[in-house]
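Written below as structure tokens is the structure these notes are about.
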Amino acid sequence: MSERSTPYRNVPQGQSGNSSTSGATPGGERASGLDRIAILSGLSARERMLLAALCRSAHYISDEVIHPSGMALEDVGFVVRGSVQLVTPADASGCFVHHRVEAGQQFGDLAVLGQDLSDTSILACEPTELIICPGTEFLNILSRHTVVSSALLRQYAHALHSLDRA
């Protein structure tokens, strides 16, 4: 999602539930949130701090729309706390496909990699904290850090294997 069209709400720095922000490094809270993301676990603390400086935080209440259908999804959302539901129409019959993304996981990565997800709505299932990474930065991470791209490929392979067994 681009900055002009993003429904993600920015959270002003120093206003996230942590009352002890004096002396904190800019993006430090986002960096500690990125510590919880599975595909980023192979990055060093410094690399996560650099990435965090390029991201923004957003908080949502239960059942709040994070991303409405009909808009291009251009960013990657890392779920730090809570969970989100991706809802996509499956076919002309009106059936919908629901996919839940839990804390420690991400969404929007497929859209950044070229899959059209403009018909997908994203909703908070509960109070949820996200770290939003611009899609261009996510692609840069994948190209510069094989540990992240390998983790993402393993995640996709696991998902395909799970579908195959269903």
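Only this structure's heavy atoms are used, side chains among them; waters, hydrogens and symmetry mates stay out. This chain uses plain numbering: 1 for the first residue, then up along the sequence.
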Exam field: side chain [X] to backbone [Y], donor-acceptor pair closer than 3.5 Å:
X	Y	value
H145	S149	no
S150	T146	yes
S62	C125	yes
E47	S44	yes

Is it true that [X] and [Y] fall in one hydrophobic cluster, defined by side-chain heavy atoms closer than 4.5 Å?
X	Y	value
L153	I39	no
V84	V97	no
L50	F138	no

Practice problem: Go through the steps for Q155 and Q105 under the test side chain to side chain donor-acceptor pair (under 3.5 Å), then give the verdict. | Solution: CA-CA 10 Å; Q155 188 181 73; Q105 300 175 333; over 6 Å; no
If you look at every heavy atom in [X] and [Y], which pair is closest and at what distance?
X	Y	result
P68	S121	C-OG, 4.2 Å
V65	Y60	O-CE2, 4.3 Å
V80	R36	CG1-NH1, 2.9 Å
R48	S41	NH1-O, 3.9 Å

Quiz item: How about R144: does its CZ atom have over 12 heavy atoms from other parts shown lying under 6.0 Å from it?
Solution: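 Counting neighbours around CZ of R144, more than 12 heavy atoms of other residues, nucleotides or ligands fall under 6.0 Å, so yes.
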Quiz item: Does H158 NE2 have over 12 foreign heavy atoms under 6.0 Å away?
Solution: no
Distance, nearest 0.5 Å, that separates [atom1] of [X] from [atom2] of [Y]:
X	Y	atom1	atom2	answer
L73	H67	CG	NE2	4.5 Å
T128	I61	OG1	CD1	10.5 Å
F107	S83	CZ	OG	11.0 Å
F78	S57	CZ	OG	12.0 Å
I122	L86	CD1	CG	4.5 Å
Q115	D109	CD	CG	9.5 Å

Practice problem: Among V112, L130, I132, find the one that has a side chain to side chain contact (heavy atoms under 4.5 Å, CB included) with D75. | Solution: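 Going through the options one by one, the only one that passes is I132.
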Quiz item: Can L152 and Q106 be said to form a side-chain contact (heavy atoms from CB on, under 4.5 Å), step by step?
Solution: CA-CA 10 Å; L152 187 63; Q106 77 286 337; 3.5 Å; yes
Self-check item: L113 vs L142, side-chain contact (heavy atoms from CB on, under 4.5 Å): CA-CA, chis, key distance, verdict
Solution: CA-CA 10 Å; L113 292 171; L142 292 178; 4.0 Å; yes
Quiz item: Does the pair L54 and C133 meet the rule for a side-chain contact (heavy atoms from CB on, under 4.5 Å), with working shown?
Solution: CA-CA 7 Å; L54 301 171; C133 178; over 6 Å; no
Quiz prompt | Carboxylate-amine/guanidinium proximity below 4.0 Å for R100 and E126 | solution =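 The answer is yes: the pair qualifies as a salt bridge.
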Quiz item: Below 4.0 angstrom, N of the basic side chain to O of the carboxylate: do D35 and R30 qualify?
Solution: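 No, D35 and R30 are not salt-bridged.
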Self-check item: Chi angles and distances behind the side-chain contact (heavy atoms from CB on, under 4.5 Å) call for T120, V87
Solution: CA-CA 5 Å; T120 300; V87 182; 5.9 Å; no
Quiz item: Would S32 and E29 satisfy side chain to side chain donor-acceptor pair (under 3.5 Å), going step by step from the backbone distance to the final call?
Solution: CA-CA 5 Å; S32 65; E29 203 169 297; over 6 Å; no
Quiz prompt | Any side-chain heavy-atom pair of H99 and V101 under 4.5 Å | solution =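 Yes; the side chains approach each other to less than 4.5 Å.
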